[in-house]
Amino acid sequence: MIDPRIVRDDPDRVRAAQAKRGLSDEVVDRALSADTTRRASIAAYEAKRAEQKQLGKLIPQAQGEEKQALLARTRTLSAEVKQAEAAQGAAEAGWQGALRSIPNLAADAAPAGGEDDFVVIETIGTPRDFEAEGFTPRDHVELGRMLGAIDLERGAKVSGSRFYFLTGIGAQLEFALVAMAMELARNAGFTQVIAPSLVKPRAMEGTGFLGQAADDVYRIEGEDLYLVGTSEVAMAAYHSDEILDGAALPLRYAAFSPCFRKEAGSHGKDTKGIIRVHWFDKVEMFVYTTLEDAEAEHQRLLGWEKEFLDKLELTYQVIDTAAGDLGLSATRKFDCEAWIPTQGRYRELTSTSNCTDFQTRRLDTRGRFGSQIRPVATLNGTLTAIPRAIVAILETHQQADGSVTVPLALQPHLGGLQVMKPVRA
RNA sequence: GGAGGCGUCGCCUAGUCCGGUCUAUGGCGCCCGCCUGCUAAGCGGGUUUGGGGCUACAACCCCAUCGCGAGUUCAAAUCUCGCCGCCUCCGCCA
């Protein structure tokens with residue numbers, strides 16, 4: 001939820017922000033008129049209620065006819081209060097509804113436009129030239145099969161399309177990647193967390209995933225629970241209804257959790273392999289900090305993401321996502337996209353968003369700064385999403401014989417293993 | 001899953017039986033001041049959060065807030081119902 005005062009005091013700024021995302025500004029006028037209605041109804045209700053309370057105090061001491069008169073008056077007042085209260089509730093809901101449908105204001109620096117209007121900030125490394133090396137690279141599906149690392153057939157048999165088993169060296173790779181990510185996070189001062197993957201509607205709603213993204217979310221049949229698509233959801237709700245100690249900020253968490261996505265809108269996209277799957281494990285950085293520090297922290301998160309990709313010795317580019325491709329909650333988003341040789345293009349491996357006070361307003365997390373209580377910001381960033389990291393590693397570091405060299409930094413986490421060798425042709 | 005107990009403004013706690021001077025008591029902690037060579041002790045004051053009015057996001061006034069929601073009533077921390085959470089015991093289980 002954006003700051004209501006911005007809508008009230010500077011509606012044009014919100015209109016411009018809506019336009020930048022390619023959205024209608026109709027909601028701004030709806031919010032403004034709802035606010036007027038709301039404030040009028042609050043005043044009306046409170047006036048009635050104040051009168052009711054005052055008269056109510058007189059009743060115990062009153063006697064006889066005086067008491068009867070008071071009771072007669074308060075009886076009608078009681079009905080009026082009830083009515084005014086209902087009107088206030090409705091007005092409040094209208095205001096909240098309008099306000100909640102406004103996405104976070106895109107940062108001035110974020111590029112305008114949609115999905116294809118991103119700006120490449122930097123490119124690290126050069127795509128490996130397999131032609132010069134004299135062999136045609138295998139895709140991760142083939143490499144995963146040869147290494148005995150990824151079992152897609154049985155994944156489909158047991159769970160359906162977009163599921164997989166990680167086996168043998170594949171399973172070891174996941175543990176190694178998680179260990180390496182957690183080690184990096186720990187050294188950077190993050191608190192390590194294992195977060196629940198099932199959450200209540202409040203958490204899902206508060207992080208903005210029940211808006212346009214609702215189609216992508218699994219709901220548990222017969223329960224008021226959702227499967228998270230990222231541990232961001234659990235971590236944003238972690239401090240809900242709390243007032244944090246401002247002096248203790250930033251609070252940095254590195255949370256591991258399985259993630260679940262319906263991929264409802266992606267029929268036909270990435271149907272091969274484990275680029276786009278219904279379930280995967282992920283280590284996510286999640287930070288609570290001050291609004292003033294949020295932008296700098298965003299750069300720090302990007303820095304840790306790059307550090308991790310560097311350790312994996314990958315070629316990648318960093319993009320500045322355009323406003324129309326930001327999630328509901330984000331004011332700015334950077335993606336790190338790794339070069340996937342057999343696709344001949346860069347694919348998203350990590351993503352970091354600055355959500356400013358959008359989520360904390362919805363989830364009621366604030367900070368105490370001396371005598372003041374002020375909103376705080378949340379930011380999130382992927383440290384590693386397992387399947388895509390595995391895809392990039394296998395394809396990037398493959399050899400002509402189907403073996404895959406292990407990036408130096410990953411070797412200690414694989415018992416010193418330097419090369420993953422095929423177990424079948 | 002079953003039975004019982006509990007949920008009060010940071011923490012602990014009074015109040016709930018028997019509805020109204022509850023504008024929620026006291027202690028701890030914290031903040032300010034006095035005292036003091038410095039500290040401690042002592043003394044005095046302050047200390048839930050959100051919203052509305054008015055405005056400087058001060059002061060002041062008002063409304064809400066006693067786990068959440070609904071109900072009864074002129075009036076609910078207090079009575080009724082539902083839900084949630086925690087604790088104890090039993091059952092089951094990794």
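Residue numbers begin at 1 in each chain, while the letters A, B, ... track the order of the sequences.
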Does [N] have a Watson-Crick or wobble partner in any strand here, with both distances under 3.5 angstrom, and which is it?
N: B:A41; value: none
N: B:A64; value: B:U49
N: B:U72; value: none
N: B:G1; value: B:C90
N: B:A59; value: none
N: B:G85; value: B:C6

If we take the [atom1] atom in both [N] and [M], what is their distance in whole Å?
N: B:A77; M: B:C63; atom1: P; result: 14 Å
N: B:A24; M: B:U49; atom1: C1'; result: 15 Å
N: B:G4; M: B:U80; atom1: P; result: 15 Å
N: B:C87; M: B:C28; atom1: C1'; result: 24 Å
N: B:C12; M: B:G29; atom1: P; result: 15 Å
N: B:G26; M: B:U8; atom1: C1'; result: 13 Å
N: B:C74; M: B:C60; atom1: C1'; result: 30 Å
N: B:U23; M: B:C11; atom1: P; result: 23 Å

Could you check whether [X] gets within reach of a base, just the sugar-phosphate, or nothing at all, counting any heavy atom under 4.0 Å?
X: A:Ile373; result: sugar-phosphate
X: A:Arg8; result: sugar-phosphate
X: A:Arg38; result: sugar-phosphate
X: A:Arg374; result: nothing
X: A:Ala50; result: sugar-phosphate
X: A:Gln52; result: sugar-phosphate

Can you tell me if CD on A:Glu115 sees more than 12 non-hydrogen neighbours from other groups inside 6.0 Å? no

Rounding to an integer number of Å, can you tell me how far [X] [atom1] sits from [N] [atom2]?
X: A:Lys57; N: B:U73; atom1: NZ; atom2: P; result: 23 Å
X: A:Gln88; N: B:A64; atom1: CD; atom2: P; result: 10 Å
X: A:Arg49; N: B:G51; atom1: CZ; atom2: C1'; result: 15 Å
X: A:Leu55; N: B:U73; atom1: CG; atom2: C1'; result: 16 Å
X: A:Asp3; N: B:G50; atom1: CG; atom2: C1'; result: 15 Å
X: A:Lys200; N: B:G85; atom1: NZ; atom2: P; result: 6 Å
X: A:Gln54; N: B:C63; atom1: CD; atom2: P; result: 7 Å

Using the six-membered ring wherever Trp is involved, compare the ring planes of A:Tyr253 and A:His239 and label them parallel, tilted or perpendicular (cut-offs 30° and 60°). tilted

Taking the inter-plane angle between the rings of A:Phe163 and A:His278 on a 0 to 90° scale, is it parallel (under 30°), tilted (30 to 60°) or perpendicular (over 60°)? tilted

Is there a donor in the side chain of A:Gln372 and an acceptor in the side chain of A:Arg368, or the other way round, less than 3.5 Å apart? no

For A:Thr384 and A:Lys282, test the side chains for any donor-to-acceptor distance below 3.5 angstrom and give the result as yes or no. no

Would you kindly check whether a donor in the side chain of A:Glu46 faces an acceptor in the base of B:G53, or vice versa, at under 3.5 angstrom? no

With respect to the phosphate group of [N], does any side-chain polar atom (N or O) of [X] fall under 4.0 Å of OP1 or OP2?
X: A:Arg366; N: B:U49; result: no
X: A:Ser78; N: B:A75; result: yes
X: A:Arg39; N: B:G53; result: yes

From the options B:G52, B:C63, B:C74, select the nucleotide whose nearest atom is closest to the side chain of A:Lys53. B:C63

From B:C57, B:A76, B:G50, pick the nucleotide closest to the side chain of A:Arg5? B:C57

With nearest nucleotide decided by heavy atoms, which residue, A:Gln372 or A:Tyr45, maps closer to the 5′ end of RNA chain B? A:Gln372

By nearest-heavy-atom nucleotide on RNA chain B, the more 5' of A:Lys82 and A:Ile42 is A:Ile42

How about A:Pro103 and A:Gln18: do any of their side-chain heavy atoms sit closer than 4.5 Å? yes

Can A:Arg100 and A:Glu205 be counted as an ion pair, charged N to O under 4.0 angstrom? yes

For a side-chain hydrogen bond (donor to acceptor under 3.5 Å, both in side chains) with A:Thr356, tell me which candidate from A:Asn104, A:Thr331, A:Thr378 qualifies. A:Asn104

